[in-house]
Each structure stands twice: as structure tokens, then as C-alpha cells.
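As C-alpha cells, the structure follows; a few thoughts come after it.
Here is the naming used below: chain letters follow the sequence lines, and residue numbers restart at 1 for every chain. Treat the numbers as computed from the prediction; the structure is a model and nothing was measured. Both backbone and side-chain heavy atoms feed into the values below; hydrogens, waters and symmetry mates do not.
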Amino acid sequence: MNAMLLLLADSRLPAGGHAHSGGTEQAVASGAVHDVASLAAFLRGRLATAGLVAAGLAAAAVTASGAGWAELDAEADARTASPAQREAARTQGRLLLRVARRIWPAPALDELAAAVPSPHHPVVLGAVAAATGCSPRDAALAAAYNAVTGPATAAVRLLGLDPVEVHRLLAGLAPALEDTAATAASACAAGESARLPAHAAPALDLLAEQHIRTEVRLFIS
Amino acid sequence: MGGNHADHHHAPDGHGRALRLGIGGPVGSGKTALVAALCRTLGPSMRLGVVTNDIYTTEDADFLRRAGVLDPERISAVQTGCCPHTAIRDDIAANIDAVEGLEERFGPLDLVIVESGGDNLTATFSRGLADKQIFVLDVSGGDKVPRKGGPGVTTADLLLINKTDLAPLVGADLTVMSRDAAAVRDGKPVLFTSLREDRGAHSVAEWVTGLVHDWAHHHRAPAPTTSTA
Ligand SMILES: Nc1nc2c(ncn2[C@@H]2O[C@H](COP(=O)(O)OP(=O)(O)OP(=O)(O)O)[C@@H](O)[C@H]2O)c(=O)[nH]1
Ligand SMILES: [Mg+2]
């Protein structure tokens, strides 16, 4: 754990994350998320699927280079069934890469930008984590954290939930975040990107596809 | 620093890129009407791009595209996730992406206009996004609004007070607004417009033209072959 990891995971990092809800807006619209308890279930499901997949990719990106960038990005694509989610992940990845290259300039980030102009967000997160001196496990933890905190904030805004209650819920998820990071880091230690976690979440895919077809929405995803 | 190819990101000092003009102000004050008027007036003589920030939907972008004031491709819409001021002030990444996207596709441009989502009196543009900004008020909130101040009113490079045609209907005294605005703006300009009646738009366009010429003079594009600053 280092101070750079805190900066990287902080929602105040100006990389465009605030405009994404990770499916929460649509889950609220459909009624699936309507209070703190249903938000908790949503976040646990998200962490166990999309969160773990993102954590694995981020961990693997810490040691990636050369042809590995495009390969890892293709692995991310293969794990993202919904075109709307791919688009959202690539947009967030591009924005993070742009700001990170100004904050933490590093040859590896230039190399990634040249290889994949709009990489998936977890791939960029791992690359930036490496540039700031973080380990694969740190990168995985940042990805897992990111998978639940953005959606939680969106729920606070959309439903007017008590923000302290929601943060208590996040604190309760901390052990699960640690477990996710550990699982992701050990999967990536095997060294084969095809073996990275590949849990599907059809409900999240459907939410993303419904969301992008909704005319009136506040969040990009 | 930085790569030298496949790298369209501009140097933060503004060399080699268009002037970025932010247009902010409360909901419904006439920001989109102003963007449309500027496109109509400046379009024939300048290479333009427009970024809109809508709270819901892509209403403003659609309006401008329908109005036919600019090639629809040159109008890009950004979504702001419940927080219009965050997208223009605290986390400008999506707006920068949209601006640079326009410059990449259509550049070089002379002017990129960024319209913020309607917000409150404290919403101003980050200097990282807008080089200059216009704050648009309207008279219908009453003549007390300039007196209330706030960073939009006090610091914008130009303060616009729009919908003067409505002043008699809401009992707003324009001389009071003018005096109060002058008192908090330290000599920076204030213009009155009725965009509905096309009154005053030309003075705004003249002010913007002056900025664009100044900008071009000080930030002349580097020679096309060497892109390292
Ligand atoms: N009477 C009058 N109406 C105006 C004037 N300028 C704009 N309007 C009308 O005011 C309404 C809002 O104008 P917009 O230009 O959409 O305002 P906006 O600031 O872009 O609004 P948001 O983006 O929703 O915050 C529209 O119905 C315009 O036609 C004016 O000078 N006088
Ligand atoms: Mg508007």
C-alpha cells in the first residue's frame, strides 16, 4: 500500500469517472435497487463478477508490455459481452490514460497509448498503478474498489440515500475487496492472460444495454 | 516529454490549438440561444466546434443540430452524471476528450465553444478547460441577481444579461442590474441582450472575434512537421 494508490483510487482523480454509474442508474430505474439493502446485494453481485474480472485485468496490466497490451485489451473485450459496457470501459480508459500521462509520465503509458488508443479501463488502471510503483495486488484492489464505490455514489445521488449508511455498507465490503484483490493477483501470477477471471454477469449486461437505449438518463453508463 | 506521433493531446499552454470559450449560467438563461447566435454570426468566417453538456438526454446538441447553424458533426454532447458543475470544473476529462476529439477530426479550428449544463451562480469553468468564459444571466430572476454575486457573475470574462425583452414583465430594472454588476466586476465587460429578438448578439460576436484574433496571434500553430513543443 502506498500513497500513490490512494491518489489513483480516489474518486476525486479527475478522470471522468463521476459520470458513470456502472449499471446503477438502470438498476434504479427498473426498481431492482431501491434502498440500502438492495444496493448492498447489487454491489456484492457486481464485485463478484465485473469487479473480479476488472481486478484480474488490472493486476495483469502491471507487468504487461509490448504486444501484451493489445493482447490484454482483447482479453478484456472477450470478457465484456455488452457493447455498451465495452464503450463505457474504453471511454473511461482513454480518459484515465490521458490524465495519468500528465500526472505520472512514463514510457509504459506512452507505449500503451500507441498500442491501444482507447484501452479498457482496468488495463489502464493496472498500467498506471505500475507507473506509480504499485504491485499487481494493489492494482487489483484499486479496480475492486472502483467497481463498487462509483456505483454506490451514483445510488446516493439517484435515490437520496443516507450517504453515511452507504459508506457503512462500503466499509462492510472491505474484506470482500481484499479477497477479490488476492484472488485476482494469484490468478494473474499464473502468467497466462486467458486464465484470468472471466465471470459473466448477464444481468449487468442487460442493464447496460437497456440503459444506452433509454432516452432520459443522467449517467453515461 | 511525451510521444511524438499518434499523440494528439495538446500542450497545456494552448499552443497550436483553438481558443476554448466556456458559456455558463443558470438553467434556461439563454446559453444555447447564444451558442446558436454565435455559430450563425461567426460560422461564415471561422472554423468552429461546439461541445454541449446536458443534464439529461442530448437536448441542447439536438436543438443546435436541428437549427442548422453548424455542421451537425461538429457538435459533440457530453453527459455529466447528475453534476453539471463537476464536468466543467472539478473533473473536466470528458469535456477535454470531446474538445480534442473535435480538433482531431476537424482541426485546425479557430474556436471551440463549450456550453455548460444549466447550474447555479457558483458554477464556473476550470482554466484547464476554458481559456475565456461568458456567464449568461437572464432578467427573469429579478434585478437582484447581479448583486448576489458569486464567481460566475464576478469573475467571468464577459457577463451577459439576456431576455431584456422580459424586463418590463418581471419588473426588473436594467440600470440597477448594470450598476450592481459593474460594482462587483472590476471593469470587466457586461452586455445586455435579447437573443429572442436578435438584439445585442452582434456585440457579443464582436467581443468573441477580438478574443479569437488575440488568441491566434499569441498561440500561432507550430510548424506542421515538428510537433514536440
Ligand atoms: N423572451 C426571451 N426568451 C429567450 C431569450 N433567449 C432565449 N430565450 C428562450 O429561453 C428558453 C431557454 O433558452 P436556452 O437558450 O435553451 O437556455 P439555456 O441556458 O441553454 O438552457 P439550459 O441549457 O437548459 O440551461 C428558450 O425557450 C429560449 O427560446 C430572450 O432573449 N428572450
Ligand atoms: Mg442549453
Side-chain angles (χ1 to χ4, degrees), chain A residues 10-22 24-25 28-29 87-88 90-118 121 124 150-151 153-160 211-212 214-221, chain B residues 1-14 17 27 51-63 76-101 103-105 116-119 125-129 227-229:
Chain A
D10 192 339
S11 68
R12 285 165 291 193
L13 180 73
H18 71 97
H20 292 263
S21 81
T24 306
E25 182 167 32
V28 167
E87 177 76 25
R90 290 192 177 284
T91 302
Q92 291 183 85
R94 182 174 70 246
L95 301 196
L96 175 58
L97 186 53
R98 178 175 299 154
V99 304
R101 289 173 76 195
R102 280 182 65 193
I103 304 171
W104 297 286
L109 299 183
D110 295 341
E111 193 184 82
L112 171 57
V116 190
S118 297
H121 183 265
V124 180
T153 302
V156 169
R157 290 187 188 163
L158 292 166
L159 291 168
H211 186 258
I212 204 152
T214 303
E215 203 199 332
V216 174
R217 54 200 165 97
L218 288 163
F219 289 85
I220 302 169
S221 72
Chain B
M1 186 209 101
N4 46 10
H5 67 102
D7 192 347
H8 306 283
H9 302 167
H10 292 286
D13 71 359
R17 65 161 173 81
V27 178
V51 175
T52 63
N53 283 240
D54 279 311
I55 300 184
Y56 280 111
T57 70
T58 51
E59 177 96 17
D60 284 3
D62 295 342
F63 173 87
S76 190
V78 166
Q79 269 178 302
T80 58
C82 272
C83 258
H85 55 267
T86 302
I88 61 162
R89 189 184 58 204
D90 312 288
D91 182 350
I92 58 176
N95 270 301
I96 291 286
D97 190 53
V99 171
E100 293 193 351
E103 296 203 272
E104 227 167 278
R105 274 177 283 139
S116 85
D119 210 297
F125 284 83
S126 156
R127 290 158 201 266
L129 175 60
S227 63
T228 32

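In terms of heavy atoms, A93(B) sits closest to G16(A) at CB-N, 3.6 Å.
Around the CD atom of E59(B), the shell of radius 6.0 Å holds no more than 12 heavy atoms that belong to other residues, nucleotides or ligands. Around the CZ atom of R105(B), the shell of radius 6.0 Å holds more than 12 heavy atoms that belong to other residues, nucleotides or ligands.
Atom CG of L218(A) and atom CG of D54(B) lie 11.0 Å apart (nearest 0.5 Å). Summarising the geometry, atom OG1 belonging to T58(B) is positioned 7.5 Å from atom CD belonging to E215(A); distances are rounded to the nearest 0.5 Å. Rounding to the nearest 0.5 Å places CG of L95(A) at 8.0 Å from CG of D91(B).
Taking the charged nitrogens against the carboxylate oxygens, R94(A) and D97(B) do have a contact shorter than 4.0 Å, which makes a salt bridge.
Of all the listed residues (G128(B), A87(B), G81(B), A94(B)), the one sharing the greatest number of non-hydrogen pairs under 4.5 Å with chain A is G81(B).
Only the backbone of L13(A) comes within less than 4.5 Å of a heavy atom of chain B; no side-chain atom from C-beta onward does.
Remark: S76(B) pairs with no residue by the side-chain hydrogen bond (donor to acceptor under 3.5 Å, both in side chains) rule, at least two apart or across chains.
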